[in-house]
2 protein chains.
Amino acid sequence: MKGIRQLAERLNISIGTVSRALNGRPDVNDETRRRVLEAAAEMGYVPNQSGRSLRQGTTNAVGFMIESGFDVAGNPDNFFLGVFDGVQTVLSRHHLDLVVLPCATDEDPTQYLQRMVTRRLVDALIISATHRTDRRIELLNKTHIPFIALGRSATPGNHPWLDLDFEGVANRAIDRLVAKGHRRIAVGVPSNDINLGFVFLDGYKAALARHGIAFEPNLVIRAPSSEQGGYQTAHELLTMPEPATAVVLIYELMAIGFYRRLNESGLSPGRDIAVIAFRESPLSRFLSPALTCFRMSLRDLGITLGESLLASMPAYADIYPQGIVRRVWPMELVEGGSDQAIKG
Amino acid sequence: MKGIRQLAERLNISIGTVSRALNGRPDVNDETRRRVLEAAAEMGYVPNQSGRSLRQGTTNAVGFMIESGFDVAGNPDNFFLGVFDGVQTVLSRHHLDLVVLPCATDEDPTQYLQRMVTRRLVDALIISATHRTDRRIELLNKTHIPFIALGRSATPGNHPWLDLDFEGVANRAIDRLVAKGHRRIAVGVPSNDINLGFVFLDGYKAALARHGIAFEPNLVIRAPSSEQGGYQTAHELLTMPEPATAVVLIYELMAIGFYRRLNESGLSPGRDIAVIAFRESPLSRFLSPALTCFRMSLRDLGITLGESLLASMPAYADIYPQGIVRRVWPMELVEGGSDQAIKG
DNA sequence: ATGTGCTCCGTAAACGTTTACGACGCTATA
DNA sequence: TATAGCGTCGTAAACGTTTACGGAGCACAT
């Protein structure tokens, strides 16, 4: 109805010239270009994306795959919405759009991704919640679609990634607790094979070693990344023969359950057991005592994520010359009262 | 590289037949169809979406627009992820896919939607977080793309919508509080013009009228849908000449701030001021006293949302014959200790 | 007069599908 | 035998763009 053809007929010029004028090609007269742009605006003409995609094999969209049933942050505010905002901000600078691809809980993530890739709905991809070995990365390495992973993985490949600094989180939390006199420090980590748990554990072990503290496997407590998981973690900790005096929880939501279990035993977080958790949310200040945790800007993370992805796309590599980005995202410690010094 | 042409050559049949076989057309031999499907699976062939869209003017995708900076539920678990899951489940039954379109905070939602529509990226749309007057609905009414709104609006039009039963929430909360002896009942509603606030207020007024209680405008407290907003609400309530004895908060996240402000004044939620809030999250049970709130299945909501959208699409109207759906989604009350009877 | 280079524009092919149309071979019926 | 009908399949046009190619017109130098 309102294709490029109608536009050309109306101006009595060929569709080739119209296309060139619209796409900013140099070989078109200034006056002609002005007329074309004017008529296009007047008619409300917007190029049909399917035709354009078919011809030039590009869609001007990047995909962000998430798993509906799985919030990587497990945290009481919406991790992804903040990140989307940052990514979208970067993309819109280049007339690209972000489409989020939510994989349903009952579908295999790799198959879903496969479908999205072959569909050619997007030019590039962001995947999140990477696993220790991630078959999606294997898949994407085979195809040649540019992508970046939000989260490291042990799966080989020289793809770009951006990850939260869980190693730093672990190190700084342990340093802080040791400085306050703690020696028996437990950690609560996810029970699935999401990679951040492994990274976190590496940092934990390294920090213990630095302080000359022996690593005790039974102080690593695996539980779901939920309020219930935190409850379980606390329960397991309290029923140990020789309980820890401090704990670092990887998800703030777990802290809620952790507090709850402690309260049930008449114990007080902070006073009886020190607690540090990742990641700050509106809850942190409300919990009593306030939770010592780590803070980050989701939007800034999204911006860096978007820029890093563009840097790996040939068409934008000259604008973002940072090459293959592989870096960790720093976080800031927020002091609460939940990690007081050891008693006595 | 792996188009329908290669598939046809490999089988020594025409691409027309291959296409018909893949699309389940009747005029193809069973044996031929079997061979085509087998070869397609083996080659990992998936039709190019651009070519298909161009030819038949359809994209096999539906969009779900969200606003990154704005979580409609304002609640401590991820409202949208649950809904996505349900929608995707329905769509995949018909080989449709869901793409989420996150509008950045710095972009005008109507312009963003306009761009997505003309891009012809999707066949149908879901919009969420509807406002009292919503220019997106005006826009979509002009175009002829099928859509459904998650949330009512005062903007005219005979489009389908599905909305949470905020009127029911208000009515049942007030009934419950009145039965416990409360007469001065405040409400905390959003300060922006999102429509659910108006619906909620309507229910509130109707319930008061039923119980013969006069409506007092200063018992309607407007605040942001955040923890801080809840804090403000409590503060405003406490500094009133004649404070209310109960409050109904529209966002659970506000309850956290509300509790916090009460605690600062040495007051106890439930005992000194009754609190009911919408919507249940992992927090509800943890708060002390546990929050009386409303529960719903996000996934089931998503399923109904998806089915209602399909019902308004000509191509699926025979499978989902419910016509133009306009209904509210029921919610279940969950009892906590936060809404005890009035003192004395 | 011829050649060269430049600017601007039209022509037509290509991208990967779907589908209207018609052709072919076969069977059944008159 | 002729005709009609059916099942199956090939042919080619169409969807809306972009872009390689070449040509027309002109200016300028040789």
Side-chain angles (χ1 to χ4, degrees), chain A residues 1-37 39-40 43-61 95 115-123 143 145 315, chain B residues 1-37 39-40 43-61 95-97 117-123 315:
Chain A
M1 189 57 98
K2 38 173 187 165
I4 200 174
R5 199 127 41 197
Q6 283 68 32
L7 192 51
E9 280 175 12
R10 170 164 159 166
L11 292 168
N12 279 328
I13 55 181
S14 77
I15 64 172
T17 303
V18 173
S19 176
R20 280 188 293 264
L22 291 172
N23 291 20
R25 294 294 157 120
D27 53 348
V28 50
N29 184 283
D30 285 345
E31 168 62 11
T32 308
R33 167 170 289 128
R34 196 193 54 72
R35 288 175 53 219
V36 169
L37 291 177
M43 287 180 61
Y45 169 78
V46 176
N48 178 296
Q49 187 59 43
S50 300
R52 170 177 274 203
S53 298
L54 182 58
R55 170 59 217 233
Q56 53 185 17
T58 193
T59 66
N60 292 323
H95 302 282
R115 206 169 72 233
M116 292 302 143
V117 167
T118 49
R119 235 172 173 282
R120 295 214 170 74
L121 192 72
V122 295
D123 294 336
T143 76
I145 185 171
Chain B
M1 189 57 98
K2 38 174 185 165
I4 200 174
R5 200 126 44 198
Q6 283 67 32
L7 192 50
E9 281 175 10
R10 171 163 157 168
L11 292 168
N12 278 328
I13 56 182
S14 77
I15 65 172
T17 303
V18 173
S19 176
R20 280 189 294 265
L22 291 173
N23 292 20
R25 293 294 156 116
D27 55 345
V28 50
N29 185 283
D30 286 345
E31 168 63 13
T32 308
R33 186 189 308 277
R34 196 194 54 73
R35 285 175 54 218
V36 170
L37 292 178
M43 285 179 64
Y45 169 77
V46 175
N48 177 297
Q49 189 58 43
S50 300
R52 169 177 275 204
S53 297
L54 182 59
R55 168 61 216 232
Q56 52 184 18
T58 194
T59 67
N60 292 323
H95 301 283
L96 295 170
D97 274 307
V117 168
T118 49
R119 233 172 176 282
R120 293 212 173 73
L121 191 73
V122 296
D123 294 335

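Lettering follows sequence order; numbering is per chain, from 1. Everything numeric in this text was worked out from a predicted model, so none of it was measured.
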Counting C-beta onward and ignoring hydrogens, is there a side-chain heavy-atom pair between Arg35(B) and Leu11(B) closer than 4.5 Å?
yes

Identify the pairs formed between an N or O of the protein and an N or O of nucleotides 23-25 of chain C at a distance under 3.5 Å, and give each distance.
none

Do side-chain atoms of Asp123(A) reach the backbone of Asn60(A) as a donor and acceptor pair under 3.5 angstrom?
yes

Roughly, in whole Å, what's the span from CZ in Arg120(A) to P in dT17(C)?
8 Å

To the nearest 10 degrees, what angle separates the axes at the start and end of the helix from dA1(C)-dT30(D) to dA30(C)-dT1(D), five pairs each?
70°

So, for Arg10(B) and Ala39(B), which heavy atoms are closest and what is the spacing to 0.1 Å?
NE-CB, 4.5 Å

What is the distance, rounded to the nearest whole Å, between atom CD of Gln56(B) and atom C1' of dG16(D)?
15 Å

Would you say Arg52(B) reaches dG16(C)'s phosphate, i.e. side-chain N/O to OP1/OP2 under 4.0 Å?
no

The salt bridge (charged side-chain N to carboxylate O under 4.0 Å, His left out) partners of Arg25(A) (sequence neighbours excluded) come to none

Arg55(A) has an atom CZ; how far is it from atom C1' of dG16(C), in whole Å?
13 Å

In whole Å, I'd like the distance from the CG atom of Leu54(B) to the P atom of dA13(D).
17 Å

Rounded to whole angstroms, how far apart are CG on Leu121(A) and P on dT17(C)?
15 Å

Does Ser50(B) have a side-chain nitrogen or oxygen under 4.0 Å from the phosphate oxygens OP1 or OP2 of dC15(C)?
no

Expected output is a numbered-order residue list: members of residues 17-30 of chain A with a heavy atom under 4.0 Å from any atom of DNA chain D. What is it?
Ser19(A), Arg20(A), Asn23(A), Arg25(A)

Heavy atoms from C-beta onward define the side chain here; which of dG16(C), dT18(D), dT17(C) lies closest to that of Pro47(B)?
dT17(C)

Can you name the nearest heavy-atom pair linking Gln49(A) to Thr59(A), along with the distance?
NE2-O, 3.1 Å

Mind checking Thr32(A) for me? I need base, sugar-phosphate or nothing, with any heavy atom below 4.0 Å counting as a touch.
sugar-phosphate

Can you measure from CZ (Arg120(A)) to CG (Leu54(A)) and round to the nearest 0.5 angstrom?
10.5 Å

Is there a donor-acceptor pair under 3.5 Å between the side chain of Arg52(A) and the backbone N or O of Pro47(A)?
no

Whole-Å gap separating P (dA14(D)) and CD1 (Ile15(B)):
15 Å

The side-chain contact (heavy atoms from CB on, under 4.5 Å) partners of Glu9(B) (sequence neighbours excluded) come to Arg5(B)

Take the protein atom CG of Asn48(B) and the nucleotide atom C1' of dT18(C), then report the distance between them rounded to whole Å.
13 Å

For the pair Arg119(B) and Asn48(A), evaluate side chain to side chain contact (heavy atoms under 4.5 Å, CB included) and give the outcome as yes or no after the intermediate values.
CA-CA 6 Å; Arg119(B) 233 172 176 282; Asn48(A) 178 296; over 6 Å; no

Which nucleotide in the list dT11(C), dC15(C), dT18(D) gets nearest to the side chain of Ser14(A)?
dT11(C)

Can you check whether Thr58(B)'s main-chain N or O pairs, donor with acceptor, with Ser53(B)'s side chain at less than 3.5 Å?
yes

Pairs under 3.5 angstrom only: tabulate donor-acceptor contacts from the side chains of residues 15-24 of chain B to other protein residues two or more places apart or in another chain.
| from | atom 1 | to | atom 2 | distance (Å) |
| --- | --- | --- | --- | --- |
| Thr17(B) | OG1 | Ser14(B) | OG | 3.2 |
| Thr17(B) | OG1 | Arg20(B) | NH2 | 3.4 |

Any Tyr45(B) side-chain nitrogen or oxygen under 4.0 Å from OP1 or OP2 of dG16(C):
no

Spacing between Asn12(A) atom CG and dC9(C) atom P, to the nearest angstrom:
13 Å

Any chance you could measure Leu121(A), atom CG, to Leu121(B), atom CG, to the nearest 0.5 Å?
6.0 Å

